[in-house]
Amino acid sequence: MFNPEHTVWILFPVLTLLGSCPVRSVFLESDQDTSVPEGWTQAGRVAASDRVQLTFALKQQNVDRLRELLDRVSDSGSPQYGKFLSLEEVSWLVRPSELTHKVVSGWLQSHGVGACRTIQTRDFLQCDMTVRVAETLLPGSEFHRYVRGSRSLVRSPALYGVHPELAQHLDFVGGVHRFPSEAEAVSRAWADGKQREAGFHLGVTPPVLRQRYNLTAKDVGSAQNNSQAVAQFLEQFYHPADLAEFMMLFGGGFQHHSTVDRVVGTQGGGKAGLEASLDIEYIMSTGANISTWVFTNPGRHESQEPFLQWLLLLSNLTAVPWVHTISYGDDEDSLDPAYMERINVEFMKAGVRGITLLFASGDSGAGCKQVSKGSNVFRPSFPASSPYVTTVGGTSFKNPFKVTYEVTDYISGGGFSNVFKMPDYQVKAVNSYLQGMKALPPKTYYNTSGRAYPDLAALSDNYWVVTNRVPIPWVSGTSASTPVFGGILSLINDQRFLKGQPALGFLNPRLYQLQGSALFDVTEGCHLGCLDEQVQGKGFCAAPAWDPVTGWGTPNYPALLAALLDK
Ligand SMILES: *[C@@H]1O[C@H](CO)[C@@H](O)[C@H](O)[C@H]1NC(C)=O
Ligand SMILES: *[C@@H]1O[C@H](CO)[C@@H](O)[C@H](O)[C@H]1NC(C)=O
Ligand SMILES: *[C@@H]1O[C@H](CO)[C@@H](O)[C@H](O)[C@H]1NC(C)=O
Ligand SMILES: *[C@@H]1O[C@H](CO)[C@@H](O)[C@H](O)[C@H]1NC(C)=O
Ligand SMILES: *[C@@H]1O[C@H](CO)[C@@H](O)[C@H](O)[C@H]1NC(C)=O
């Protein structure tokens, strides 16, 4: 019989021996872009005795089974629809083998790394160690310090390897490469060089959203156990006094909360931020009278990856909110597929628990990447391009002075993944878009076999936000539309809970079955693309039914509730 204890016993002396002679190590994330993002400057090598924190993503078991389970619990036609797993059940399914644990812990211990913490699903290990040890464990790595404003980070500009024996037990090591990167709302007040006339436009406020999306004063939460959350990774925080003032100014006519029930993590030390204020003020305006949490972590340690920290937290808390909205995104081509595949598994782990994850689709339209001089392609963003999350694009009012129908907001992120193949749930919708459009961008710019996004949209233009006690106009970005849609899904969860039904969980399979009914279809306008002769600044254009600019469209609450309340 196979005996893991025995295997490890023999393996270790061998590993230790090999440590002293040159062994070709295996690069875990060889496609990771290690260039330094704009705004960060290198501040030299980190001293060998300084401490870093590395996060080891251990190879999980039963990932195929997890994917099957996610399909079943999210498919309203399946007898298992809504039969979600507890965190403990997820843990039994995916936890790494004893062998994986022994090999990885043995390797760490043999280098004197003792201080490691794990999480409930046992598939991550987080360890503190000196830079000297980190650089020995991960041959090739070289830790440098980077600064931007008052923030500093420790990262390696060089790729890292691990011993071949370890490579089969690890997906990647966090805390080595990725810089934080987040879609951030901006005020367009000064965008075109001159201040706009704030006096004349309508501006999006909670009553405007509630009117447009058909929410009556009665449409607020009332179920006992309902909850929703925003996750933020910026060095900024929401201020309780801003939220209170916002609700005083704009919260008339509907019952709502004016305080956050739980803050998980550490709020940044800086000023209240526009993005942080926006997320919380708006999820609590559509998802009114629903208990709301904020997950916030700008990266306590210089070597932490805040987004990864949040995923670890989700798998380390048995009770977490049902709906999460997140405005985080990186260029898909800057990340290694092995990293993204593993992050997808983390999304699946949330989905089988009945958790709904909404990501902003990004604010650069189709994006643009130069492949060679004079030759460009569109540039998808991740996690927006993940098949296991629901991605939200942006719209604006046709007439900015009135609550009218919506058209494309030109910044709305959308397109096709170059890494993940198109999931079954969307094949029909996407193909009918591709076949129905008379004029599409040249085929060389995108990959029609990939996961297409966004799935949905909501208003993303001209919001009022209170930040540092001041109401700011013209705030825009898909990081506004995402919490708005999140709050609406929370209201639907609420009605489902009152009827004794399970949460919506991973929405996409069910959403695509609706074929756009219950949503306001957005059919006008195009988003940004490359500024070259071939496409002249344009990406894709909206069209009837699904499109890669605004997805299926924006929420008509009573209709969407009716459509999602029958099972
Ligand atoms: C996960 O939670 C446990 C218990 O609450 C804690 O001891 C552990 O340190 C946490 N893990 C991490 C990586 O923070
Ligand atoms: C919702 O809003 C739209 C447009 O504002 C309106 O035409 C419709 O009648 C409203 N009610 C329902 C139940 O859809
Ligand atoms: C607000 O929510 C609470 C439960 O959290 C509920 O008791 C109350 O009735 C709700 N208010 C309205 C107007 O539905
Ligand atoms: C609410 O949560 C508590 C504790 O987690 C649980 O005992 C109770 O059954 C839940 N109630 C509903 C209506 O789901
Ligand atoms: C297009 O996407 C597929 C998967 O959806 C992938 O296998 C292929 O490499 C992609 N092509 C390019 C040029 O990126």
Side-chain angles (χ1 to χ4, degrees), residues 31 53-58 87-88 91 115-128 174-175 207-216 218-219 264-266 295 297 299-301 304-306 308-320 331-335 337 340-341 344 346 367 369 371 375-380 382 385-387 395 397-399 402-406 415-424 426-427 430 442-453 459 488 516-522 553-563 565:
D31 284 340
Q53 186 179 79
L54 296 181
T55 304
F56 299 90
L58 274 54
L87 180 58
E88 200 182 355
S91 171
C116 296
R117 290 170 306 284
T118 188
I119 57 173
Q120 291 226 14
T121 45
R122 312 233 311 149
D123 44 3
F124 283 102
L125 270 183
Q126 200 155 56
C127 313
D128 299 317
V208 167
L209 285 168
R210 294 181 68 88
Q211 182 190 343
R212 169 58 186 158
Y213 298 138
N214 278 338
L215 293 161
T216 69
K218 283 201 216 109
D219 296 318
V264 186
T266 43
F295 285 83
N297 178 1
R300 261 161 308 176
H301 196 285
Q304 273 182 355
E305 291 183 46
L308 195 55
Q309 284 302 114
W310 170 70
L311 286 172
L312 262 69
L313 259 176
L314 277 192
S315 281
N316 208 22
L317 290 172
T318 43
V320 289
D331 294 328
E332 195 186 68
D333 61 274
S334 75
L335 301 166
M340 292 187 280
E341 293 288 0
N344 278 344
E346 299 307 305
K369 184 191 182 200
V371 279
S375 159
N376 297 323
V377 292
F378 293 152
R379 187 168 216 175
F382 180 83
S385 71
S386 166
T395 63
F397 282 127
K398 173 67 175 177
N399 179 343
K402 269 202 189 133
V403 178
T404 52
Y405 71 95
E406 290 158 76
F416 294 79
S417 172
N418 289 315
V419 179
F420 307 111
K421 82 179 209 335
M422 189 182 297
D424 292 342
Q426 67 171 191
V427 169
V430 179
K443 285 273 185 284
T444 52
Y445 280 67
Y446 58 100
N447 190 339
T448 53
S449 63
R451 146 61 158 152
Y453 69 95
L459 285 160
I488 285 176
S517 66
L519 293 143
F520 295 124
D521 194 2
V522 179
T554 68
N556 179 8
Y557 176 71
L560 194 58
L561 175 65
L565 201 55

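In each ligand, atom 1 is the first atom listed, and ligand 1 is the first ligand listed.
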Atom indices of ligand 1 within 4.0 angstrom of Arg117 heavy atoms, with elements: 9 (O), 13 (C)
Gln126: numbered ligand 1 atoms lying under 4.0 Å from its heavy atoms: 13 (C)
Under-4.0 Å protein heavy-atom contact, atom 7 (O) of ligand 5: no
Shortest protein contact, atom 9 (O) of ligand 5 (heavy atom only): Asn418 O, 4.2 Å
Proximal atoms of ligand 2 relative to Pro558 (non-hydrogen, under 4.0 Å): 13 (C)
Student check: side-chain heavy atoms of Leu58 and Leu125 closer than 4.5 Å: yes
Proximity flag Thr118 to ligand 1, non-hydrogen atoms under 4.0 Å: yes
Proximal atoms of ligand 1 relative to Ile119 (non-hydrogen, under 4.0 Å): 11 (N), 13 (C)
Interfacing atoms of ligand 5 (cut-off 4.0 Å, heavy-atom, Lys421): 5 (O)
Thr121 vs Leu87 side-chain heavy atoms within contact, under 4.5 Å: yes
Ligand 5 to Asn447 polar contact by distance, N or O atoms, under 3.5 Å: yes
Side-chain H-bond candidate by donor/acceptor type, Gln304 with Gln126, under 3.5 Å: no
Shortest protein contact, atom 4 (C) of ligand 5 (heavy atom only): Ser449 OG, 4.0 Å
Side chain Arg210, main chain Leu215, donor-acceptor under 3.5 Å: no
Phe520 near ligand 2 by a heavy-atom separation under 4.0 Å: yes
Asn556, portion touching ligand 2 at heavy-atom distance under 4.0 Å: side chain
Electrostatic pair Asp331:Lys369 at N-O distance under 4.0 angstrom: no
Ring pair (Phe, Tyr, Trp, His ring centres under 6.0 Å) partners for Tyr446, two or more places apart: Phe416, Phe540
Atom 11 (N) of ligand 2: any protein heavy atom closer than 4.0 Å: yes
Heavy-atom closest contact (Val522 atom, Gly553 atom, distance): CG2-CA, 4.2 Å
Per-atom contacts, ligand 2 versus Asn214 - under 4.0 Å to a heavy atom: 1 (C), 2 (O), 3 (C), 8 (C), 10 (C), 11 (N), 12 (C), 14 (O)
Side-chain heavy-atom pair Phe124, Arg117 within 4.5 angstrom cut-off: no
Protein contact to atom 5 (O) of ligand 2 [nearest heavy atom, distance to 0.1 Å]: Arg212 NH1, 4.2 Å
contact_flag Phe420 ligand 5 heavy-atom lt 4.0 Å: yes
Option whose closest heavy atom lies nearest to atom 3 (C) of ligand 1, chosen from Leu312, Leu313, Asn316: Asn316
Polar contact flag, side-chain donor to acceptor under 3.5 angstrom, Gln120-Thr318: no
Lys/Arg cation over aromatic Phe520: Arg212, 6.0 Å, 45° cone: yes
Per-atom contacts of ligand 5 with Gly450, taking only distances under 4.0 Å to non-hydrogen atoms: 5 (O)
Side chain proximity check, Met340 to Val419, heavy atoms < 4.5 angstrom: yes
